[in-house]
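Presented below is the structure to which this report refers.
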Amino acid sequence: QVQLVDSGGGLVQAGGSLRLSCAASGNISKFNVMGWYRQAPGKQRELVASMSNGGSTNYADSVKGRFTISRDNAKNAVYLQMNSLKPEDTAVYYCNAALRFWGQGTQVTASS
């Protein structure tokens, strides 16, 4: 069992940046894949980015070149650097561990 706490969301103008953080209560190195998902109002939750212990990454096409996922197993933390934010990035963002454990979510709003 692990608890994930998401933070770093906020309101920014389009073109701005935010860095999301996910702090885990336990050792995340036992989870091969850590990821960030998002859910906009009226839409299904979707994968934004994921990262394996080996460093392999996967990004949604809509965020490639703008978002960067990273993980620090020593600090039991996962990050999502979001640059060039667009209004369509507005959503609640959730950290995920191995498709089993979820953070509480953090709201990201990019205004036009």
key: Nonpolar side-chain network containing Phe31, other nodes, edges under 4.5 Å   =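 Besides Phe31, the hydrophobic cluster comprises Val2, Leu4, Val12, Leu18, Leu20, Ile28, Met34, Trp36, Val48, Met51, Tyr59, Val63, Phe67, Ile69, Val78, Leu80, Met82, Leu85, Tyr93, Phe101, Val108, listed by chain and residue number.
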
query = Tyr94: which other cluster members, linking ILVMFWY side chains closer than 4.5 Å, directly or transitively?
reply =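 Besides Tyr94, the cluster holds Tyr37, Leu47, Val92, Leu99, Trp102.
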
ask   = Looking at Ser84 and Ser17, what are the two nearest heavy atoms and their distance?
value =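 In terms of heavy atoms, the two residues are closest at N-OG, 4.3 Å.
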
key: Distance-minimising heavy-atom pair for Ser112 and Ala14   =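 Residues Ser112 and Ala14, closest heavy atoms: CA-CB, 4.4 Å.
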
About how many Å separate [atom2] of [Y] and [atom1] of [X], when rounded to the nearest 0.5 Å?
{"X": "Thr109", "Y": "Asp89", "atom1": "OG1", "atom2": "CG", "answer": "11.0 Å"}
{"X": "Asn76", "Y": "Ser29", "atom1": "CG", "atom2": "OG", "answer": "7.5 Å"}
{"X": "Asp6", "Y": "Ser21", "atom1": "CG", "atom2": "OG", "answer": "9.5 Å"}
{"X": "Lys64", "Y": "Asn58", "atom1": "NZ", "atom2": "CG", "answer": "7.0 Å"}
{"X": "Gln104", "Y": "Ser7", "atom1": "CD", "atom2": "OG", "answer": "8.0 Å"}

Side chain of [X], backbone of [Y]: donor and acceptor closer than 3.5 Å?
{"X": "Ser52", "Y": "Val33", "result": "no"}
{"X": "Ser50", "Y": "Gly35", "result": "no"}
{"X": "Glu46", "Y": "Gln39", "result": "no"}
{"X": "Thr106", "Y": "Gly9", "result": "yes"}
{"X": "Arg66", "Y": "Ser62", "result": "yes"}
{"X": "Asp72", "Y": "Lys75", "result": "yes"}

query = Side chains of Gln81 and Ser70: closer than 4.5 Å at any heavy-atom pair?
reply =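 No. Closest side-chain heavy atoms not under 4.5 Å.
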
inquiry  = For a 4.5 angstrom cut-off between non-hydrogen side-chain atoms, does Arg38 reach Lys43?
reply    =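 Heavy-atom side-chain distance check fails, nothing below 4.5 Å.
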
request  = For atom CD of Gln3, decide whether the heavy atoms of other residues, nucleotides or ligands shown that lie under 6.0 angstrom number more than 12.
outcome  =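 Check fails, neighbour count at 12 or below.
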
message = Does the structure place the NZ or CZ of Arg19 under 6.0 Å from the centre of the six-membered ring of Tyr79, at an angle of no more than 45° from the ring's axis?
response =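 Yes, a cation-pi geometry holds between Arg19 and Tyr79.
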
